[in-house]
Amino acid sequence: GVLLTMALGVLTLTLAGLAAVTARQSAALPASPASDDAPSHDNGKPSHHNTLSASQSMVFAPRVAAAGAVRLTQLNTTANGRLSAVRLSPGTEYTSGSVRVLELSGTAKEAGRAYAELVGTEAVGLYEGWIGTLIPPGETGITEALLDWLWRECLRPHAPQWFLDEVEVGMAGAEGEAAPVGLSEAVLRMMTLSNLPADPQNVERMLALEVARHGLPNLIAADGTRRTLTQGEVGTAIRRLGKVRGRGFCDYYAAWGTRTEDGRLLSSRNLDWNKGMGKAKLVTVYTLDNQTAYATFGYIGFVGALAGMSHAGITVSQTNLDNAMVNFDGIAWPVRLRQLLAEASTLEDAETLWSANSNTAAFNFLVGASASQPPAVALEAIGDFTARFHDDDPVEAAATYHCDPSVNMDGTHCTWPGSNATVQVGTPLKDAVWRSNHALHPRVMKTQEALWNDTVFRYDLIHDSIASSPPLSVLGALNITALLGIKGESVESYFRCTPADYAKGSNILSVTYDPSRATAYVAWEDGEDASWAPAACNTYLEFDFVGSKLFPSH
């Protein structure tokens with residue numbers, strides 16, 4: 001079995017430190033940007049209308065699991081795979097089902113086949129249930145045809161061959177063997193959906209661009225016959241997908257050198273997105289031929305890297321960065337992050353792999369590499385450009401923002417910061433990089449939607465948490481990660497775990513990486529509906545991938 005331990009301290013922010021954060025947002029934080037395309041006044045973004053008063057607590061205490069031993073209990077095995085469940089001590093369990101660990105080995109085709117045997121049927125069921133809640137039954141076929149076409153025409157030509165072997169061959173039934181019907185299609189549709197922008201106007205703009213570029217898509221029937229979709233059908237599917245993608249926020253940071261107690265790299269990833277995948281919590285460990293061993297953290301049915309860490313010390317993180325400069329003719333970002341984990345050993349390797357492919361939808365990324373100096377880079381990626389930021393970056397330090405409400409900014413109009421003053425928005429630090437959901441490079445800032453208070457608040461909160469902390473231990477780093485997970489809508493909700501806040505929460509996955517020690521701390525969302533709780537308020541599992549022999553010892 002694998003020994004998992006959990007010991008979490010308490011992060012205390014001083015009143016002065018918190019006041020510095022909230023003061024930069026103004027005394028009463030304004031609403032999010034108004035959108036030309038959405039009827040909602042806040043464009044779906046969370047709005048902070050209150051700041052903490054002097055009488056309120058400045059302490060955020062993540063949920064603590066008592067230190068102790070828990071085990072992996074084997075559920076099933078196949079020739080190139082093993083599926084296990086994590087057993088936790090009473091009082092720290094996940095109520096919506098155990099975290100599962102899927103170990104895959106061999107060739108990419110063999111790994112795909114093992115995936116199909118061990119979790120394939122569940123993956124198809126989860127996809128069908130999920131898509132059924134988002135798209136009316138009469139529109140599912142047309143919408144899926146558009147997704148399949150986007151994969152075939154736009155994303156597939158840029159995917160590594162090993163990924164195609166795994167998903168299109170292994171998961172479809174290698175060497176004539178049976179596989180769950182529709183598994184390959186289901187995981188590729190999930191991959192394609194995840195690559196869409198988050199805001200409806202950008203989804204519709206991007207899809208219309210690809211139809212203009214590649215022509216009207218085909219619907220391929222089960223018997224292989226094809227028909228071209230009509231303009232009306234494509235328009236309906238585009239509008240539907242514009243509403244499906246859902247909100248996405250997220251954040252990340254990396255700290256090292258003077259910012260950590262022994263100088264080693266510590267980094268993070270919070271995924272703040274649609275709720276409802278808590279039953280499918282999964283760690284996938286890949287020890288494939290001709291690749292570095294690595295692990296991804298996410299859910300059954302999602303075969304890209306939402307978050308991950310490799311045996312070589314590479315870590316990957318992503319946050320939303322919606323803007324008009326979107327494109328689908330490139331590598332899907334979850335496949336790209338898996339490629340970095342599988343093929344890179346240093347930051348230089350990762351940079352080379354990154355530069356070899358075109359960007360697709362616009363996102364912020366973090367790549368960490370414990371063997372490199374500096375060991376992390378923040379990336380702001382749009383359709384035709386990637387801005388790279390290291391610590392104490394002069395471009396970030398020069399970043400300012402001016403709100404002119406009359407200007408259309410990617411379908412939105414600004415309200416933050418509530419005045420016509422030019423404000424400083426970039427505040428870099430030595431030995432640290434971080435991002436929430438906006439850009440700081442002038443070329444990228446010109447293409448993004450209007451800044452809203454929540455993304456600026458979280459950027460500042462990361463800055464102040466790192467700047468005011470003593471050199472971070474891994475538990476100190478974990479506290480900052482948990483602090484940033486979106487637990488509700490108010491400022492106060494960041495600093496507490498209160499069920500009354502959770503209806504407006506979105507933190508479904510929370511990770512702190514300690515890559516030089518091959519260790520990661522991971523928490524997931526839990527529960528459903530009124531019982532739902534954000535990842536940052538649940539049990540973080542400590543995975544020691546070498547000590548547990550999930551990674552090879554050499």
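None of the values given here were measured: they were computed from a predicted structure.
Applying the side chain to side chain donor-acceptor pair (under 3.5 Å) criterion to Arg517, with sequence neighbours excluded, gives Asp262. Legend: residues meeting ring-ring contact (aromatic ring centres under 6.0 Å, His included) with Phe328, ordered by chain and number and at least two apart, are absent. Here Phe551 pairs with His311, Phe545 under the ring-ring contact (aromatic ring centres under 6.0 Å, His included) rule; sequence neighbours left out. Residues meeting the disulfide bond (SG atoms under 2.5 Å apart) test with Cys403, sequence neighbours left out: Cys414. Applying the side chain to side chain contact (heavy atoms under 4.5 Å, CB included) test to Thr346 and every residue at least two apart in sequence or in another chain returns Glu348, Asp349, Ser372. Listed by chain and number, the residues in a ring-ring contact (aromatic ring centres under 6.0 Å, His included) with Tyr115 amount to none (sequence neighbours excluded). Residues that satisfy the side chain to side chain contact (heavy atoms under 4.5 Å, CB included) test with Ser268, not counting sequence neighbours, are Tyr252, Tyr253, Thr481. Remark: Ser317 engages no residue in a side chain to side chain donor-acceptor pair (under 3.5 Å) (not counting sequence neighbours). For Thr360, the side chain to side chain contact (heavy atoms under 4.5 Å, CB included) criterion is met by Leu155, Asn195, not counting sequence neighbours. Listed by chain and number, the residues in a side chain to side chain contact (heavy atoms under 4.5 Å, CB included) with Leu379 are Trp354, Phe365, Val367, Val377, Thr386, Arg388 (sequence neighbours excluded).
Looking only at distances, no side-chain donor or acceptor of Tyr94 sits under 3.5 Å from a matching main-chain atom of Lys279.
Screening residues 353-365 for salt bridge (charged side-chain N to carboxylate O under 4.0 Å, His left out) gives no qualifying pairs among residues at least two apart or on separate chains. For residues 373-395, the pairs satisfying ring pair (Phe, Tyr, Trp, His ring centres under 6.0 Å) are Phe385-His441, with sequence neighbours left out.
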### Query
For Glu380 and Arg435, what are the C-alpha separation, side-chain angles and deciding distance, and is it a salt bridge (Lys or Arg N to Asp or Glu O under 4.0 Å)?
CA-CA 9 Å; Glu380 298 175 357; Arg435 286 294 182 273; 2.9 Å; yes
### Task
Take Arg458 and Asn437 through the test side-chain contact (heavy atoms from CB on, under 4.5 Å) and record every step on the way to the result.
CA-CA 9 Å; Arg458 285 181 286 121; Asn437 303 118; 2.5 Å; yes
### Task
With side-chain contact (heavy atoms from CB on, under 4.5 Å) as the test, would you mind laying out the steps for Leu440 and Asp393 before giving the verdict?
CA-CA 10 Å; Leu440 294 166; Asp393 195 286; over 6 Å; no
### Message
With side-chain contact (heavy atoms from CB on, under 4.5 Å) as the criterion, how do Trp130 and Met190 come out once you've worked through the C-alpha distance, each side chain's angles and the decisive distance to 0.1 Å?
### Response
CA-CA 10 Å; Trp130 182 71; Met190 287 289 286; 3.6 Å; yes
### Query
After noting the C-alpha distance and the side-chain angles of Asn359 and Asn327, does the key distance pass the side-chain contact (heavy atoms from CB on, under 4.5 Å) rule?
CA-CA 7 Å; Asn359 299 334; Asn327 169 51; 6.0 Å; no
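At a threshold of 4.0 Å, the pair Arg189-Glu144 counts as salt-bridged, since one of the basic side-chain nitrogens sits closer than that to a carboxylate oxygen. Using a 4.0 Å cut-off between charged nitrogen and carboxylate oxygen, Glu153 and Arg213 do not count as a salt-bridge pair.
Taking 4.5 Å as the limit, every side-chain heavy atom of Val283 sits out of range of all side-chain heavy atoms of Val522. Looking at Thr287 and Pro552, their side chains come closer than 4.5 Å, going by heavy atoms from C-beta outward. In this structure, Glu525 and Tyr299 have side chains that are in contact, with non-hydrogen atoms separated by less than 4.5 Å. Annotation: side chain of Leu196 is in contact with side chain of Leu207 (closest heavy-atom distance under 4.5 Å). Within the 4.5 Å cutoff, no side-chain heavy atoms of Asp391 are placed close to those of Arg259. Under the 4.5 Å side-chain criterion, counting only non-hydrogen atoms from C-beta, Ile486 is in contact with Asp454.
Between Tyr459 and the options Tyr401, Trp434, Phe249, a ring-ring contact (aromatic ring centres under 6.0 Å, His included) holds for only Trp434.
With values rounded to the nearest 0.5 angstrom, Ile382 atom CD1 is found 12.5 Å from Met445 atom CE.
The aromatic rings of Phe543 and Trp524 sit perpendicular, their planes meeting at an angle over 60°, well past the 30° parallel limit.
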